[in-house]
Amino acid sequence: MDKANKIWLDGKLVAWDDAKVHVLTHALHYGVGVFEGIRAYKTAGGRSAVFRLREHMQRLYDSAHVLLMEIPYPIERLHEACLETLRANGQAEGYIRPLAFFGYGSMGVGAVNPVQVTIASWPWGAYLSDEGLKRGIRAKVSSFNRLHVNVNMVRAKVSGQYVNSFLANREATLSGFDEAILLDTDGYVAEGSGENLYIVKDGTIFTPPLSSPVLAGITRDSVLRIAKDQGIPVCEQKFTRDTMYLADELFMTGTAAEVTPVREVDHRRIGRGEPGPVTKKIQEEYFKAVHGETPKYESWLTYY
Ligand code: PMP
């Protein structure tokens, strides 16, 4: 990875190589941490802005609430810490990773250790490759199901839950695909290992509802708003794997993945096997929004 200069750790900016924790850190053993992935972009006016910082930080605190974890800072302090980290790293664009976790103290699953907080930022290009963004990726339905709503807490972005994502993503990439698509435990399409998922059929966008085991993606929220503003009908409903095979278009969204077209699933070409018009429109409008080119979405940007 591309190192940056500093990492914010428990209230202070420290040198990148000094941002360390004890090996008996609770979260390292049991996965009890919550995190966010946020992006900052250069904007049309020349300044840089973080995209939907408030919503990401609110989700971090909500995730912590679900885990009975008290983040030892007011939310405004961590907003500022994200911006301080970007500035300290001289970063006009990049990825920001806040993480709060149970630190060192006692061992045992139920130990309630002091909560540590860190915020790192570094340059990170297209998550599913530039080529993937442009031409679309190839995906595989995973043999692993997405989390059941009463096995894990799907509204929370919890570190340990990414074991499920890891298994699915590794299986897919080792099989020569770019990304995994996970079904829920009833067999309906849920999401990618780190992305929400959408199909387009006869001009309507379909995406699993938030009652499905999917993360309430902030990019999902942005994309649904963009679709509405573009007059593209959206239907939040469950759909089957074969409905996905028969879609006109398919795309995935996430802070890291942005808006990535999917051109093939399980060796079935989707539509014409290239990004379709609805996907391209959503992608174009999303990139305009993050780069501050659409005045009505200005409130999504925090300049720094
Ligand atoms: N689903 C999962 C499992 C994810 O990890 C992510 C990435 N955070 C998303 C969806 C997309 O969420 P967002 O748009 O908020 O990045």
Side-chain angles (χ1 to χ4, degrees), residues 31 33-41 50-64 66 82 94-100 119-121 124 126-128 132-133 137 139 141-142 144-149 151-172 178-185 188-198 205 207-227 234 236 250-260 262 282-283 285-287 289-290 297 300 302:
V34 296
F35 70 100
E36 274 305 314
I38 315 175
R39 274 192 191 265
Y41 294 90
V50 180
F51 189 64
R52 305 204 70 175
L53 177 61
R54 278 184 304 277
E55 292 84 351
H56 280 286
M57 295 318 266
Q58 187 57 53
R59 190 171 65 186
L60 184 78
Y61 280 72
D62 288 350
S63 298
V66 169
C82 286
Y95 187 82
I96 310 154
R97 168 56 57 82
L99 168 71
I119 301 172
S121 74
W124 203 356
Y127 180 68
L128 293 166
L133 266 187
I137 60 161
V141 170
S142 183
F144 299 98
N145 283 134
R146 193 67 182 132
L147 313 165
H148 183 275
V149 292
V151 172
N152 286 96
M153 299 289 100
V154 299
R155 252 335 57 86
K157 196 166 161 63
V158 175
S159 303
Q161 293 177 180
Y162 280 79
V163 173
N164 175 250
S165 292
F166 175 84
L167 289 169
N169 181 273
R170 288 295 286 155
E171 178 186 62
D178 302 305
E179 180 56 300
I181 293 172
L182 293 97
L183 308 180
D184 66 22
T185 47
Y188 293 95
V189 175
E191 61 179 345
S193 73
E195 306 86 11
N196 290 112
L197 184 146
Y198 314 74
I205 295 177
T207 195
L210 293 183
S211 53
S212 288
V214 300
L215 192 70
I218 289 160
T219 320
R220 179 186 187 278
D221 182 73
S222 309
V223 155
L224 295 189
R225 166 77 193 278
I226 288 169
V234 173
E236 295 179 56
L250 177 52
F251 62 94
M252 289 176 157
T253 71
T255 299
E258 299 165 311
V259 179
T260 299
V262 181
I282 297 285
Q283 191 187 53
E285 292 298 325
Y286 181 74
F287 281 125
V290 301
Y297 305 136
W300 287 348
T302 302

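Both ligands and their constituent atoms are indexed starting at 1 by order of listing. Starting from 1, each residue takes its place in the sequence as its number.
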Asker: Phe251 vs Tyr198 aromatic rings, parallel, tilted or perpendicular, using cut-offs 30° and 60°?
Answerer: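 Parallel.
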Asker: I want to know if ligand 1 touches Arg220 in the polar sense, i.e. an N/O pair below 3.5 angstrom.
Answerer: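 It does not: no N or O of Arg220 is found under 3.5 Å from an N or O of ligand 1.
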Asker: Considering both backbone and side-chain atoms of Thr253, is one of its nitrogen or oxygen atoms within less than 3.5 Å of a nitrogen or oxygen in ligand 1?
Answerer: no
Asker: What do you reckon, does Ser165 have a nitrogen or oxygen under 3.5 Å from a nitrogen or oxygen of ligand 1?
Answerer: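 No; every N/O pair is 3.5 Å or more apart.
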Asker: When the ring planes of Tyr297 and Trp300 are compared, do they come out parallel, tilted or perpendicular, using 30° and 60° as the limits?
Answerer: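 Aromatic pair Tyr297/Trp300 classed parallel.
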Asker: With a cut-off of 4.0 Å, which atoms of ligand 1 are near a heavy atom of Gly254?
Answerer: 11 (C), 14 (O), 16 (O)
Asker: Can you check whether Arg59 has an N/O within less than 3.5 Å of an N/O in ligand 1?
Answerer: yes
Asker: Taking Glu36 first and then Arg97, would you say they form a salt bridge - that is, a charged N and a carboxylate O separated by under 4.0 Å?
Answerer: no
Asker: Answer yes or no: are there more than 12 heavy-atom neighbours, outside Tyr188 itself, under 6.0 Å from its atom OH?
Answerer: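 Not more than 12 within 6.0 Å, no.
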Asker: Just which atoms of ligand 1 are under 4.0 Å from any heavy atom in Glu191?
Answerer: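 Reading through ligand 1 atom by atom, the close ones are 1 (N), 2 (C), 3 (C), 10 (C).
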Asker: Taking a cutoff of less than 4.0 Å between a non-hydrogen atom of the residue and any ligand atom, is Arg146 in contact with ligand 1?
Answerer: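 Heavy atoms of Arg146 do come under 4.0 Å of ligand 1.
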Asker: Under 3.5 Å between any N/O of Ala216 and any N/O of ligand 1: does that happen in this structure?
Answerer: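 By distance alone, the answer is no.
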